[in-house]
Amino acid sequence: MTRRAVVKGVGHYLPERIVPNSEFEKTLDTSDEWIRSRSGIERRHFAAEGETTSAMATNAARAALQDAGLEADDIDAIVLATSTADLTFPSAATMVQAELGMTKGFAFDVQAVCAGFVFALSNAAALIASQQANRVLVIGAETFSRIMDWSDRGTCVLFGDGAGALILEGQDGTGTAQDRGILSTDLNSDGRYRDLLYVDGGVSTHSTGYLRMQGNQVFRHAVEKLASTAETAMQRAGVETDEVDWIVPHQANIRIIQGTAKKMGVPMEKVVVTVQDHGNTSAASIPLALSVGKARGQIKQGDLIVTEAIGGGLAWGAVVLRW
Ligand code: COA
């Protein structure tokens, strides 16, 4: 018997303000055509003044609780992936805990930038497998608009804000790939590549800083590392490529998504794509895509899903799950 972390509910929240590519033409030497053709992004949502990561995370969590038919007090733990928490401390996760009215359990943040949700899922699955928690709320939430250098056309056109949430519940499985729930995970990082994607500020350097990226270098690492981590996770789960129903990739760039799918030998018809509407929402992008994919009728119970992400660190990983 194997204790599996099974998806019970999913939900998301996007801030009201939608910014089309054309907005950037007013202030930068760029064009809608350039942004679309190089990244696949057409629009993104930006948080309103005063709208925080924990507020967006709470909205996504409420939607997931409603989808699962559960109350906040049914949850044992919150694992929240973010690199843009409201405050240096406490964690955004504890703020969500309070907002939801949860008076028991525990909550903490995970920081692995754009790979954050994959790291959070892996942690949540481990909490369930070790029976430290039975129901875990896993959230990805970001306000990357707060760390954009609006004069840097190579970065500020690529990112957006939002939040997505999943509820995982412990259930006994048979230990085979036919079980529902998380079947395998694979996590990696290599700190030698920190200069490729980072924020040039932080608490111990007395600043907030702005996101800096060598986009073409990140691109080169992305396809190769994403295909490789997905392959490792699939081997660990004991599943073949042709059994996969959906790839739900981190939504950074359509060319990375297409390149990775091609390297994995999966047709684009089996890939959930939301990058055109959300831009890169970092740790929020995978739960947003899962929630939108389900709402569109793409993702259904029993589907075999591979999700993969890479981001600053570099940190990257993949999760194989049966919905
Ligand atoms: N509008 C117009 N031109 C732009 C631009 C913009 N918004 N941003 C960059 N450019 C220019 C550059 O200045 C450069 O001009 P130059 O040749 O005169 O110096 C030219 O476009 C090519 O730049 P390059 O960075 O080589 O372009 P690219 O084809 O690699 O595309 C990215 C740029 C950022 C879209 C691409 O590298 C990318 O998506 N990388 C991955 C980034 C990512 O997803 N990161 C997050 C991972 S979690």
Side-chain angles (χ1 to χ4, degrees), residues 19-44 81-84 110-120 140-145 147-162 164 187-191 193-199 210-227 229-230 248-261 263 271 273-276 278-289 307-318:
V19 176
N21 291 344
S22 55
E23 285 269 317
F24 293 99
E25 293 174 354
K26 297 176 193 161
T27 52
L28 291 170
D29 181 12
T30 189
S31 64
D32 174 43
E33 201 284 324
W34 191 96
I35 300 168
R36 264 175 212 256
S37 63
R38 299 298 177 103
S39 72
I41 298 165
E42 297 172 21
R43 60 194 71 79
R44 75 286 291 138
T82 190
S83 300
T84 49
V110 164
Q111 209 271 52
V113 203
C114 296
F117 195 74
V118 165
F119 278 64
E142 302 277 17
T143 42
F144 262 48
S145 61
I147 50 167
M148 288 296 114
D149 173 352
W150 299 111
S151 66
D152 178 9
R153 65 180 182 171
T155 55
C156 73
V157 301
L158 300 175
F159 293 88
D161 301 334
L187 304 181
N188 311 268
S189 62
D190 190 337
Y193 297 117
R194 71 173 192 186
D195 290 346
L196 300 190
L197 178 51
Y198 65 103
V199 171
Y210 295 107
L211 184 146
R212 306 294 176 202
M213 179 169 71
Q214 296 176 43
N216 48 11
Q217 297 293 323
V218 174
F219 199 105
R220 251 173 243 158
H221 283 279
V223 171
E224 182 220 321
K225 288 184 164 51
L226 289 171
T229 186
V248 184
H250 169 49
Q251 310 282 322
N253 182 311
I254 191 67
R255 293 186 298 146
I256 295 176
I257 294 171
Q258 288 165 339
T260 307
K263 210 167 168 61
V271 183
V273 180
T274 56
V275 70
Q276 69 281 4
H278 303 161
N280 181 347
T281 58
S282 189
S285 94
I286 287 173
L288 266 164
T307 182
E308 25 89 346
I310 186 165
L314 296 173
W316 67 102

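We count ligands from 1, going down the list as the structure has it; atoms in each ligand are counted the same way. Atom set for the values below is all heavy atoms of this structure, side chains included, hydrogens, waters and symmetry mates excluded.
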Inset, instruction - State whether the side chain of T307 and the backbone N or O of V248 hold a donor-acceptor pair below 3.5 Å, judged by distance alone. - result: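 Flag set: sc T307 to bb V248 pair under 3.5 Å.
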
Inset, instruction - Please answer whether the main-chain N or O of D32 pairs with a side-chain N or O of E25 as donor and acceptor at a distance below 3.5 Å. - result: yes

Legend entry - For ligand 1, the portion of V113 having any non-hydrogen atom under 4.0 Å away: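 Neither part.
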
Inset, instruction - Record the part of L28 in heavy-atom contact with ligand 1 below 4.0 Å; permitted values are side chain, backbone, both and neither. - result: neither

Return a yes/no value: protein heavy atom under 4.0 Å from [atom]?
| atom | value |
| --- | --- |
| atom 14 (C) of ligand 1 | no |
| atom 23 (O) of ligand 1 | no |
| atom 19 (O) of ligand 1 | no |
| atom 32 (C) of ligand 1 | no |

Is any N or O atom of [X], backbone or side chain, closer than 3.5 Å to an N or O atom of ligand 1?
| X | result |
| --- | --- |
| N253 | yes |
| S39 | no |
| H250 | no |

Atoms of ligand 1, numbered as shown, that sit under 4.0 Å from any heavy atom of [X]:
| X | result |
| --- | --- |
| V157 | 7 (N) |
| D29 | 1 (N), 2 (C) |
| I310 | 48 (S) |
| M213 | 42 (C), 43 (C), 45 (N), 46 (C) |
| N280 | 46 (C), 48 (S) |
| I256 | 41 (C), 44 (O) |
| C114 | 48 (S) |

Legend entry - Flag for R44-N280: side-chain donor and acceptor within less than 3.5 Å: no

Counting heavy atoms only, name the option from [options] that's nearest to [atom].
| atom | options | value |
| --- | --- | --- |
| atom 1 (N) of ligand 1 | L197, N216, T30 | T30 |
| atom 44 (O) of ligand 1 | S37, A252, G279, G40 | A252 |
| atom 11 (C) of ligand 1 | R38, E33, R153, R255 | R153 |

Inset, instruction - Determine whether any heavy atom of L158 lies closer than 4.0 Å to an atom of ligand 1. - result: yes

Inset, instruction - Could you tell me whether ligand 1 has any atom less than 4.0 Å away from a heavy atom of Q214? - result: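 Outside the 4.0 Å threshold, so no.
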
Considering non-hydrogen atoms of the protein only, which is the closest contact for [atom], and what is the distance?
| atom | answer |
| --- | --- |
| atom 47 (C) of ligand 1 | V218 CG1, 3.8 Å |
| atom 10 (N) of ligand 1 | W34 CZ2, 3.4 Å |
| atom 40 (N) of ligand 1 | G215 O, 2.9 Å |

Less than 3.5 Å apart, which donor and acceptor atoms pair up between the side chains of residues 147-161 and the rest of the protein, not counting sequence neighbours?
unit_1	atom_1	unit_2	atom_2	d
D149	OD1	S151	N	2.9
D149	OD1	S151	OG	2.6
D149	OD2	R212	NH1	2.8
D152	OD1	G154	N	3.0
D152	OD2	T155	OG1	3.0
R153	NH1	D29	O	2.8
T155	OG1	D152	O	3.4
D161	OD1	F144	N	2.9
D161	OD1	S145	N	3.0
D161	OD1	S145	OG	3.4
D161	OD2	A47	N	2.7
D161	OD2	S145	OG	2.6

Inter-residue atom distance [X].[atom1] - [Y].[atom2], 0.5 Å rounding:
| X | Y | atom1 | atom2 | answer |
| --- | --- | --- | --- | --- |
| E142 | S83 | CD | OG | 5.0 Å |
| R38 | T30 | CZ | OG1 | 10.0 Å |
| E308 | W316 | CD | CH2 | 13.5 Å |
| H221 | I256 | NE2 | CD1 | 11.5 Å |
| F117 | S282 | CZ | OG | 12.5 Å |

Legend entry - Sidechain N-carboxylate O distance under 4.0 Å for E33, R36: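 Between R36 and E33 there is no salt bridge, as every charged N stays at least 4.0 Å from the carboxylate O atoms.
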
Inset, instruction - Answer yes or no: does atom OH of Y198 have more than 12 heavy-atom neighbours from other residues, nucleotides or ligands under 6.0 Å? - result: yes

